[in-house]
Amino acid sequence: MLCRTVGPLDAKIMLIAEAPGKEEDLTGEPFMNMRAFGAGRTLNQVLTQAGISRAECLITNVARERPPGNKISFYFEDKGCTIPKPKLREWIELLKKEIILYNPNIIVALGVTALWALTGEKKVGELRGYILPCSLVPGKKVLPTYHPQHINNEWKTFYPTVMDIRKAIRHSFSGEFPVDKRILLPGVSSASFVSYMEELIQDKNKDRISLDIETNGKLPGSHITILGIASSPYSAISTQLSNLQEADELRLWQILAVLLKEKRVAMHNAPFDKGVLWYNHHILIENLWMDTLIAAHCLWPELPRDLGFVASLCLDVPPWKGTARNDSLYYNVCDAANTFGIAEVLEAELLRTGSKKTYDFESKSIDLSLMMQLQGIKCGITIRDELKKEIQEKVIEQKKKLDLLVGKDVNYNSPKQLQQLLYMDLGFPVQYKRRKSINNPKVVTTDSNALSKLSIELGDNPIFNLILDYKKNSKLISSFLDITLSSNDTVHTSYNITGTSTDDEGRKSFGRWSSSASIILPYGSGNLQNIPKAVRKMYIAPEGYSILQADYVQAEAVIVAHLCGDYKLIDMFKNAFGLPKSQRRPYDIHILTAKEMFGITDDKVTPRHREIGKTLRHALSYAAGPAVLATKLKIKLAQAKQLMTIYHQKNPQLKMWYTRIQQDLQQGRTLYNLFGRSHKFLAWWGDDLFRSGYSYIPQSTVGDLLNKAFQDVYYNVDWLTGYLQLHDALYVLCPEGREQEAMKELRKQMIIPITLRDETFYIDVDFSVGKSWGEMEEQDIDWREFDKENFGF
DNA sequence: GATTTTACGTA
DNA sequence: CGTACGTAAAATCT
């Protein structure tokens with residue numbers, strides 16, 4: 001049936017999608033599929049969240065009949081879907097007439113086909129959220145966003161679509177195009193750039209600028225190729241730095257240095273621009289106005305944070321990210337101008353939402369993280385080479401043994417070849433990956449989990465552990481030993497204050513730093529937060545220094561105990577506080593757990609009992625299931641289930657806490673950690689979301705605690721230098737011989753009160769000292785006197 | 001050659 | 001149905 005256009009004829013918003021589906025074809029109305037994963041229901045969800053109802057919108061499709069198999073390509077001559085067949089051409093004409101007739105103020109293009117029909121463009125991911133001119137009916141505004149069906153396939157596009165619809169609502173009050181008031185000067189001469197800067201320096205009314213650089217990342221140090229600055233959202237300038245006369249370039253850097261002394265500066269990802277300017281030109285940006293990346297992270301921790309995305313939320317500028325390759329000078333000048341505009345919007349938004357405190361806290365980490373990136377950590381090449389040789393020999397030997405056992409050459413790092421070998425040639429029971437949902441297809445796997453499981457089930461076959469060891473060792477070599485060092489034998493990492501990961505469900509980033517390859521100094525394995533213990537000894541202290549490690553003791557467990565109101569545990573933590581490690585045994589919570597679980601006395605607790613207690617507590621704190629517990633403890637599923645039941649009987653507060661978190665999530669899907677950091681969860685409502693919620697408060701509170709302490713050390717203790725950050729441990733370089741003094745100083749900075757409801761508590765700190773990261777000696781110190789003097793408890 | 005999948009290291 | 005993070009090698013796409 002021909003699908004009609006529905007909705008009030010005087011609607012200000014018109015939604016245009018691709019083509020009718022089955023239900024729509026039957027009823028002749030768009031978006032009638034209201035089943036659980038139907039596009040109609042998703043559309044309603046999006047509209048409701050955005051603050052508008054379906055009844056207020058005109059809704060239609062480009063194609064008016066369902067194509068076979070719902071494949072829109074049916075209506076096109078070509079595979080690329082650019083040349084419409086006559087039928088589709090007719091429908092597009094119809095659409096044109098309807099737009100002219102109903103005259104909406106804003107047209108929302110839902111998905112690629114609508115976007116193409118209205119504007120000739122195809123890149124929804126790049127253009128969504130921007131106001132585009134309509135080519136079908138000139139003069140009309142088009143706002144592209146995702147198709148509801150696409151949202152069902154990729155849930156992370158749900159909330160961006162909501163934001164887009166909100167923008168459409170703002171644009172529905174008038175059909176007028178936003179006026180682009182910007183005066184952009186891309187690619188001016190260095191002389192003009194200098195005079196622009198000089199004028200700015202003279203203009204005391206303007207105290208803020210934004211800055212953006214483009215670099216040629218191939219060289220260490222990231223050579224700057226383009227420099228752009230803006231003095232308002234509407235005035236920006238950029239210049240090319242290659243092929244400059246030496247004197248001109250010098251002049252430019254000199255004036256820039258003066259400008260940066262005078263003004264407060266906004267940047268998107270300040271550690272990079274600031275780092276490159278400092279590293280290459282010794283120009284220091286001292287007055288940060290705003291890092292728009294950090295601000296976006298504090299406001300929307302689960303949304304994309306690239307400048308193009310944030311601009312689509314905050315501004316009414318034309319899209320420009322597509323120009324990066326062809327016109328980098330224009331691209332850069334837009335970056336600079338739009339960063340200024342975004343900073344103004346986000347500044348207000350941070351105040352409005354109460355996220356300013358979190359922003360201030362995060363931005364205070366910039367200098368610390370940048371210092372550690374540029375400084376790097378020292379690698380002892382002799383130890384590195386020894387390790388490499390040793391492990392390489394092991395790998396060769398293991399490969400030989402495997403070849404002999406198997407009788408042919410197999411690449412054990414190839415999942416495909418391993419599947420063939422284990423499940424086809426050798427006929428072992430096929431192992432499947434654990435699925436997120438019962439609806440997901442079963443996926444065959446040969447990962448370490450599967451191999452250990454086979455090893456347990458099939459007892460005496462040495463092949464599994466051999467493969468496991470072989471894979472482990474080749475991983476050690478390829479990822480952690482086979483690395484390029486700087487000329488000073490250092491490796492460098494970029495500590496990312498806002499995290500950077502992008503997984504299927506979108507970005508998370510609970511406020512812990514991540515660590516990734518440094519673009520400025522591309523030496524080492526990149527991530528320094530996942531170096532295996534086995535190779536840590538190759539990282540050493542520079543001559544004359546010791547490495548001092550300070551880690552929070554049982555940090556997440558302490559937080560969980562307080563969140564649950566588990567006073568037996570809380571008392572144990574309190575009683576153990578400040579004690580030397582050697583005297584803590586009576587307050588060992590894992591032994592306590594074991595005693596409770598097995599109904600035994602202290603003297604009967606074996607290391608295995610303790611291990612079970614520890615694993616159980618850890619797994620259950622984050623709502624792990626019996627299957628995972630079974631593999632972790634190498635026991636049967638039934639046993640794991642039994643242990644879980646007993647654990648929950650002995651710890652009834654845990655399930656109550658789960659329930660509380662779920663209730664809290666129901667209120668606006670937002671949780672606050674113990675330092676007030678908010679996080680809005682955008683994932684699909686269900687157990688995955690809940691589990692993420694359970695881990696949020698402990699994980700992010702510990703992250704903030706550590707970073708708070710690290711900042712305090714950085715700003716207050718000038719003779720200790722930050723060396724590494726490992727989420728709940730910080731490492732500093734300490735001048736040899738001052739270790740005792742250093743530990744006292746660190747303890748003063750790190751013992752920080754945490755408040756929950758009316759209670760205040762503290763998390764203890766342990767210290768280790770060593771000449772290398774792998775050989776640290778635990779310090780067995782009684783801190784009780786010291787604590788009494790310094791903290792009064 | 002670029003992108004996706006699989007696997008695996010840390011807290 | 002632990003969570004969070006980043007990277008290397010293999011597989012796959014174009």
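Numbers restart at 1 for each chain; the letters A, B, ... are given by sequence-line order, proteins then strands.
- At a threshold of 4.0 angstrom between heavy atoms, the contacts of A:Thr446 are confined to the sugar-phosphate backbone, with no base atom among them.
- When rounded to the nearest whole Å, the span between CG of A:Leu481 and P of C:dT7 equals 17 Å.
- Using a 4.5 Å cut-off on side-chain heavy atoms (C-beta onward), A:Ile520 and A:His492 make no contact.
- At distances below 3.5 Å, not a single donor-acceptor pair connects side-chain atoms of A:Tyr552 with backbone N or O atoms of A:His727.
- In this model, a donor atom of one side chain and an acceptor atom of the other lie less than 3.5 Å apart for A:Glu775 and A:Ser772.
- Rounding to whole angstrom units, CG of residue A:Asp704 and P of C:dA4 are separated by 16 Å.
- Under the 4.5 Å side-chain criterion, counting only non-hydrogen atoms from C-beta, A:Ser692 is in contact with A:Phe510.
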Name the pairs: protein N/O against N/O of nucleotides 11-14 of chain C, kept only if under 3.5 Å.
unit_1: C:dA11; atom_1: OP1; unit_2: A:Ser414; atom_2: OG; d: 2.4

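- Between A:Gln725 atom CD and C:dC5 atom C1' there is a gap of 11 Å when expressed in whole angstrom units.
- Side-chain proximity of A:Ser692 to B:dT6, C:dT3, C:dT7: nearest is C:dT3.
- Between A:Phe361 and A:Phe675, the gap from one ring centroid to the other reaches at least 6.0 Å.
- As a whole-Å value, the separation of A:Glu154 CD from B:dT4 C1' is 13 Å.
- If you measure from atom OH of A:Tyr432 to atom P of B:dA7, you get 14 Å, rounded to the nearest angstrom.
- Taking the six-membered ring where the residue is Trp, A:Tyr146 and A:His150 present parallel rings, their angle staying beneath 30° rather than reaching 60°.
- Within 4.0 Å of A:Ser515, counting heavy atoms only, lie sugar-phosphate atoms of the nucleic acid but no base atom.
- Looking at A:Leu418 and A:Ser414, their side chains never come closer than 4.5 Å, going by heavy atoms from C-beta outward.
- Note: CG (A:Leu671) to P (C:dT3) measures 15 Å, nearest angstrom.
- Classification of the A:Trp513-A:Tyr495 ring pair by plane angle, with boundaries at 30° and 60°, yields tilted.
- Rounded to the nearest 0.5 angstrom, A:Met372 CE and A:Leu528 CG are separated by 10.0 Å.
- Remark: P of C:dA9 and CD1 of A:Ile483 are 13 Å apart, rounded to the nearest angstrom.
- Classification of the A:Phe158-A:Trp155 ring pair by plane angle, with boundaries at 30° and 60°, yields parallel.
- In terms of phosphate contacts, A:Ser525 brings no side-chain nitrogen or oxygen within less than 4.0 Å of OP1 or OP2 of C:dT7.
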Got a list of protein N/O to nucleotides 9-11 of chain B N/O distances below 3.5 Å?
unit_1: B:dG9; atom_1: N2; unit_2: A:Asn530; atom_2: ND2; d: 3.4
unit_1: B:dG9; atom_1: N3; unit_2: A:Asn530; atom_2: ND2; d: 3.0
unit_1: B:dT10; atom_1: O3'; unit_2: A:Arg536; atom_2: NH2; d: 3.0
unit_1: B:dA11; atom_1: OP1; unit_2: A:Arg536; atom_2: NH2; d: 3.4
unit_1: B:dA11; atom_1: O3'; unit_2: A:Leu726; atom_2: O; d: 3.0
unit_1: B:dA11; atom_1: O3'; unit_2: A:Asp728; atom_2: N; d: 3.4
unit_1: B:dA11; atom_1: O3'; unit_2: A:Asp728; atom_2: OD1; d: 2.5
unit_1: B:dA11; atom_1: O3'; unit_2: A:Asp728; atom_2: OD2; d: 3.3
unit_1: B:dA11; atom_1: N3; unit_2: A:Arg512; atom_2: NH2; d: 3.2

Item checked: Bracket notation of DNA chain C in which parentheses pair within the strand, [ ] cross earlier pairs, and | pairs with another strand (Watson-Crick or G-U, under 3.5 Å) -> ..|||||||||||.
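- The aromatic rings of A:Tyr658 and A:His648 stand perpendicular to each other, their planes meeting at an angle above 60°, with 30° marking the opposite boundary.
- Rounded to whole Å, atom P of C:dA10 lies 17 Å from atom CD of A:Gln420.
- At a threshold of 4.0 angstrom between heavy atoms, the contacts of A:Asp687 include nucleobase atoms, whether or not backbone atoms are also involved.
- Under 3.5 Å, the side chains of A:Tyr731 and A:Trp773 contain a donor-acceptor pair of N or O atoms.
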